Amino acid sequence: MKTAVEELSPTRVKLTVEVPFDELRPSMDAAYKKVAQQVRVPGFRPGKVPARIIEQRFGRAVVLEETLNDAVPKLYGQAVDEVDVFPVSQPDIEVTRIDDGEQIEFTAEVDIRPNFEVPDYAGLEVTVDSAEVSDEDVDSQLDALRQRFATLTGVERAAASGDFVVMDLRAEINGENIEEQQANEVSYEVGAGSVLQGLDDALEGMSAGEEKSFKTELVGGENAGEEADVIISVKSVKEKVLPELDDEFAQLASEFDTLDELKNSIREQARRNKLIDQVVQARENALDAVLEKIDIPLPDSALKAEVDARKHNLDHQVAESGLSRDAFFRLYQTTEEERFAEFETNSARAIKVGFVLDKIVKAEELGVSEQELTNFVVRRAMEMGVQPNELAKHLADNDQLTLAMVEIVRDKAKSVLGDAAKVVDSDGNEVDLKAIYTEINGAEPVEEEDESSAEKADDADGKAEA
């Protein structure tokens with residue numbers, strides 16, 4: 001097989017592949033067997049029709065077509081490996097010549113990862129947040145813990161922001177009650193920011209036993225987007241009462257006997273979280289520093305596919321929410337146009353990040369061990385609330401194990417970037433990532449699950465575990 005490469009643009013190439021007929025022999029043999037199974041010829045059992053009879057009855061073109069359908073995708077894959085290009089889209093393949101018995105020729109146009117060099121990342125200077133824990137940090141987490149143990153007490157006064165009300169709701173359009181737009185005994189925090197515009201304003205100043213109506217646009221159901229009269233009937237008003245900060249609270253909210261012990265534990269956990277944040281920031285900021293040094297042209301097809309995938313996920317989220325599209329975006333205090341603009345920016349960055357990390361993976365000869373893959377599956381299964389064996393089977397059945405391994409080695413490449421950087425905190429102090437590894441994991445690099453916990457862990461959970 002002979003392959004020639006023509007560069008159509010920095011992100012697209014055309015491969016011209018010439019293949020001797022001898023290399024088509026396995027696919028041609030398979031084609032004869034397949035056609036023989038499909039045709040019916042008197043005097044021959046299915047699958048037993050000789051090749052010469054197939055050609056006499058149905059023509060050689062039928063066999064050649066089946067042969068090429070089987071062979072060309074495989075030959076394309078071999079050609080890609082031979083010329084060392086990295087496709088990022090499905091190829092446009094055209095068979096341009098068939099010299100029966102001698103050779104075939106086909107072309108394949110495909111978008112590729114552009115050629116670029118990763119700049120030297122040793123000693124890149126990056127800045128991360130300080131790991132010093134302030135009294136305000138401790139107080140903030142203590143307050144979050146108090147919120148978890150707050151109680152609601154009934155009050156004989158009008159509702160104010162931060163109070164909880166129990167209410168009945170119903171909606172009417174032109175005086176006609178909308179059955180699906182009513183609910184009883186709904187508990188709601190005044191000022192929480194309901195997607196039902198006007199609800200918070202209407203509730204403030206209402207007392208138990210009072211009823212009020214206001215006009216608003218319905219956000220769900222068959223009448224979503226229509227203006228309606230919403231009638232509120234307040235059943236009760238309750239205020240949130242936070243527990244006193246004392247030893248009794250420490251015993252209630254944790255394993256500790258005194259408030260001082262609880263504070264010390266919170267301070268230590270906060271410091272650990274900030275150290276983990278420093279590792280995550282060092283890796284991300286080092287990656288950003290590398291990206292700033294290079295200009296990478298992006299394949300249009302890859303960018304479109306990434307943006308379309310994000311739009312599809314957004315459509316799914318809107319549908320799952322049960323809200324109208326306008327109400328959904330109001331809930332997240334954004335607009336569809338703003339979200340789409342974010343998709344364009346974030347998709348472009350995600351593609352560039354993948355290109356850069358893949359280059360580092362190759363340069364550093366990073367790989368994935370069986371134990372690392374197992375650990376990855378176990379972590380993901382815990383996050384998803386499924387059994388590891390179930391997730392492993394799902395990944396294998398859907399050919400997603402390769403994607404999992406790509407994610408693992410890209411995380412390793414981020415670690416390489418962070419470890420190679422010169423890291424200082426916002427106060428100008430040098431940050432030793434290896435010392436952080438030693439303190440947190442016993443000299444092992446911070447794992448992805450630690451990064452996730454640093455980014456997503458609930459402050460209160462961290463305090464309770466401390």
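Please read all numbers here as calculations on a predicted model, not as lab measurements.
Every residue two or more places apart in sequence or in another chain that forms a side chain to side chain contact (heavy atoms under 4.5 Å, CB included) with D326 is listed here: E217, S324, R330. The salt bridge (Lys or Arg N to Asp or Glu O under 4.0 Å) check on R97 picks up D99, E105, with sequence neighbours excluded. Applying the salt bridge (Lys or Arg N to Asp or Glu O under 4.0 Å) rule to K304 yields the partners D308; only residues at least two apart in sequence or on another chain are considered. With sequence neighbours left out, D22 forms a salt bridge (Lys or Arg N to Asp or Glu O under 4.0 Å) with no residue at all. Considering only residues two or more places apart in sequence or on other chains, R170 meets the side chain to side chain contact (heavy atoms under 4.5 Å, CB included) condition with E172, N177, Q182, E211, I231. Residues meeting the side chain to side chain donor-acceptor pair (under 3.5 Å) test with T374, sequence neighbours left out: none. Scored by the salt bridge (Lys or Arg N to Asp or Glu O under 4.0 Å) test, K412 finds E372 as partners (sequence neighbours excluded). With sequence neighbours excluded, the residues forming a side chain to side chain donor-acceptor pair (under 3.5 Å) with R271 are E439, listed by chain and number.
For K311 and D315, the salt-bridge test fails: no basic side-chain N is under 4.0 Å from an acidic carboxylate O. Under a 4.0 Å N-O distance rule, the pair K274/D129 does not qualify as a salt bridge.
The side-chain hydrogen bond (donor to acceptor under 3.5 Å, both in side chains) pairs that include a residue from residues 220-231 are K215-D229, N223-E226, where partners are two or more places apart or lie in different chains. The list of ring-ring contact (aromatic ring centres under 6.0 Å, His included) pairs with a residue in residues 270-328, not counting sequence neighbours, reads F328-Y332. Applying the side-chain hydrogen bond (donor to acceptor under 3.5 Å, both in side chains) rule to pairs touching residues 190-204 yields Y188-D200, sequence neighbours excluded.
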(request) Starting from the C-alpha separation in whole Å, work towards a yes-or-no answer on side chain to side chain contact (heavy atoms under 4.5 Å, CB included) for I93 and V110. (result) CA-CA 9 Å; I93 295 178; V110 64; over 6 Å; no
Which pairs of donor and acceptor atoms, one on a side chain in residues 346-354, lie under 3.5 Å apart (sequence neighbours left out)?
| from | atom 1 | to | atom 2 | distance (Å) |
| --- | --- | --- | --- | --- |
| N346 | ND2 | E342 | O | 3.3 |
| S347 | OG | R310 | NE | 3.1 |
| S347 | OG | F343 | O | 2.6 |
| R349 | NH2 | D288 | OD1 | 2.5 |

